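To start, the structure under review is shown below, and the notes come after it.
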Amino acid sequence: MKKLLMLILLINLALANKKSNNDEYSFFYILHTALKNSPIIDIAKSDVKASKAELKARKSTNYPNFYMSANTGYSGTYDDYAGSVYVGNDNLSSNNDFQNSVSLILSYDIYKFGSDSYAIEAAKEGVKSKNYEVCVKSLELSLEVLNAFHRALTLKNRIEIYENLKVINELISNYSVRLNEAGELDKISTTNKKLDLVNLNSQILKSKTELKAIVNHLSALSSLNLIESNLPKSFNVSYTYPKFIKFENTYKSKSLEAQEISAKYNITSNERSKYPTISLYARYDFYGQDRDSFDRAISDTKKHGYRVGI
């Protein structure tokens, strides 16, 4: 499927970069410009970047945590010796003097019962879903441009036909007036010819108004300042009739399927997060004593301690 998408994209790009003569824009050029400048597709692509960032954050939980802490304090309630008292991750003074300490701490979660791996798989499925959403938005925009372009060409051709009919009806109306003046045609028939001409002018005005609205809509989709003369008279594209695609094979279905799988992984990850975690813990402490200078206390460190545990 990816190879097919790349082939279609390359063909569209090759055709899109060629403009027709006489200031006419081909359908593929308008479509390419619309896909390139669409804010909706840009938002979908931003969602892909956000999902990739989330995946990177989930993977970072597999790395160990390393940090450093520093403490300074005074106590006069203990015997005159250097030692350490730990409260959580904090190292407190336990001697009758000023004490400064610096600790290097390393922690690593060895086993989480699959909570982290399921979270990573959920994030991967989230990236897949967002990529499919870009395809969905691109397809929806392509169909919208196609419908608008087809409608604009239909109206343009209709107006041309109406204009030719108008010339003929004006001649018929003029002849009917002359025939009526010569007594060869009754007044009712002459009036009907004039009404036909009025109705035809009304249809032309209505079609031109609708065409202008659709061209403005195409301009908004493609960020091009289009006018009626920029549109060709016909597609000049050979039509093919692809086979019907089942919903489960569409981009929308693939996106929903990836969202469902991601939700299942997230549920499992949240459940496993309630289980105990086996972690490795290690810290190394440096002690120094100096009333006036923390820097000298660090440089004079002669006492140290460490802890390692699971």
Side-chain angles (χ1 to χ4, degrees), residues 44-75 77-79 81-134 248 253-289 294 297-298 301-310:
K45 290 180 178 179
S46 297
D47 291 339
V48 173
K49 293 180 181 179
S51 63
K52 289 181 178 180
E54 182 180 358
L55 174 59
K56 187 176 181 179
R58 294 286 180 89
K59 289 182 176 179
S60 67
T61 59
N62 291 328
Y63 303 149
N65 296 316
F66 179 79
Y67 51 98
M68 182 178 67
S69 66
N71 298 281
T72 182
Y74 173 78
S75 176
T77 60
Y78 298 98
D79 296 332
Y81 69 94
S84 61
V85 176
Y86 295 101
V87 178
N89 291 330
D90 295 324
N91 184 22
L92 305 179
S93 173
S94 60
N95 65 316
N96 290 331
D97 202 347
F98 288 91
Q99 178 179 330
N100 305 297
S101 66
V102 176
S103 302
L104 304 178
I105 304 170
L106 176 68
S107 65
Y108 180 65
D109 294 329
I110 300 175
Y111 188 63
K112 297 181 180 180
F113 292 90
S115 174
D116 50 350
S117 60
Y118 279 113
I120 291 174
E121 291 301 320
K124 288 181 178 179
E125 293 297 326
V127 174
K128 288 182 182 179
S129 175
K130 297 303 180 182
N131 279 321
Y132 281 124
E133 279 299 317
V134 174
E248 53 266 25
S253 175
K254 297 293 184 182
S255 175
L256 294 174
E257 182 181 358
Q259 291 180 28
E260 181 182 0
I261 296 175
S262 177
K264 290 180 179 179
Y265 279 136
N266 275 322
I267 292 174
T268 304
S269 176
N270 291 332
E271 291 176 348
R272 297 294 180 90
S273 65
K274 307 299 181 182
Y275 296 174
T277 301
I278 300 176
S279 302
L280 174 65
Y281 177 84
R283 70 179 292 157
Y284 199 90
D285 302 306
F286 299 89
Y287 305 102
Q289 295 177 341
F294 186 77
I298 295 298
T301 53
K302 297 180 179 180
K303 302 180 184 297
H304 59 82
Y306 65 88
R307 285 195 305 167
V308 179
I310 296 179

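Since the structure is predicted, the reported quantities are computational estimates derived from the model, not experimental observations. Computation of the quantities below employed the complete heavy-atom set of this structure, encompassing side-chain atoms and omitting hydrogens, waters and symmetry-equivalent molecules.
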Rounded to the nearest 0.5 Å, what's the gap from OG on S129 to NZ on K254? Could you check?
12.5 Å
Looking at every heavy atom in both A119 and R58, which two are closest together, and how far apart are they?
O-NH1, 2.7 Å
Could you state the interatomic distance from NZ (K124) to NZ (K128), rounded to the nearest 0.5 Å?
8.5 Å
Measure the spacing between CD of E271 and OG of S273 and express it to the nearest 0.5 Å.
9.0 Å
Between the CD1 atom in I261 and the CD atom in Q259, the distance rounded to the nearest 0.5 Å is 11.0 Å
Where is the tightest heavy-atom contact between K112 and T277, given as atom of each residue plus distance?
CG-CG2, 3.8 Å
Please find the pair of heavy atoms, one from N62 and one from Y108, that lie closest to each other, and give the distance.
O-CE1, 3.0 Å
Check: N266 main-chain N/O paired with S269 side-chain donor or acceptor under 3.5 Å
no
S115 OG to K274 NZ distance, which is reported to the nearest 0.5 Å
9.5 Å
State, with a plain yes or no, whether a side-chain heavy atom of V134 is found less than 4.5 Å away from one of V48.
yes
Rounded to the nearest 0.5 Å, what separates atom OH in Y118 from atom CG in D116?
11.0 Å
Is a donor on one side and an acceptor on the other found under 3.5 Å between the side chain of T61 and the backbone of A57?
no
Minimal heavy-atom distance between A122 and S262, with the atoms involved, is O-OG, 2.9 Å
For residues L55 and I120, report the shortest heavy-atom separation together with the two atoms involved.
CD1-O, 3.6 Å
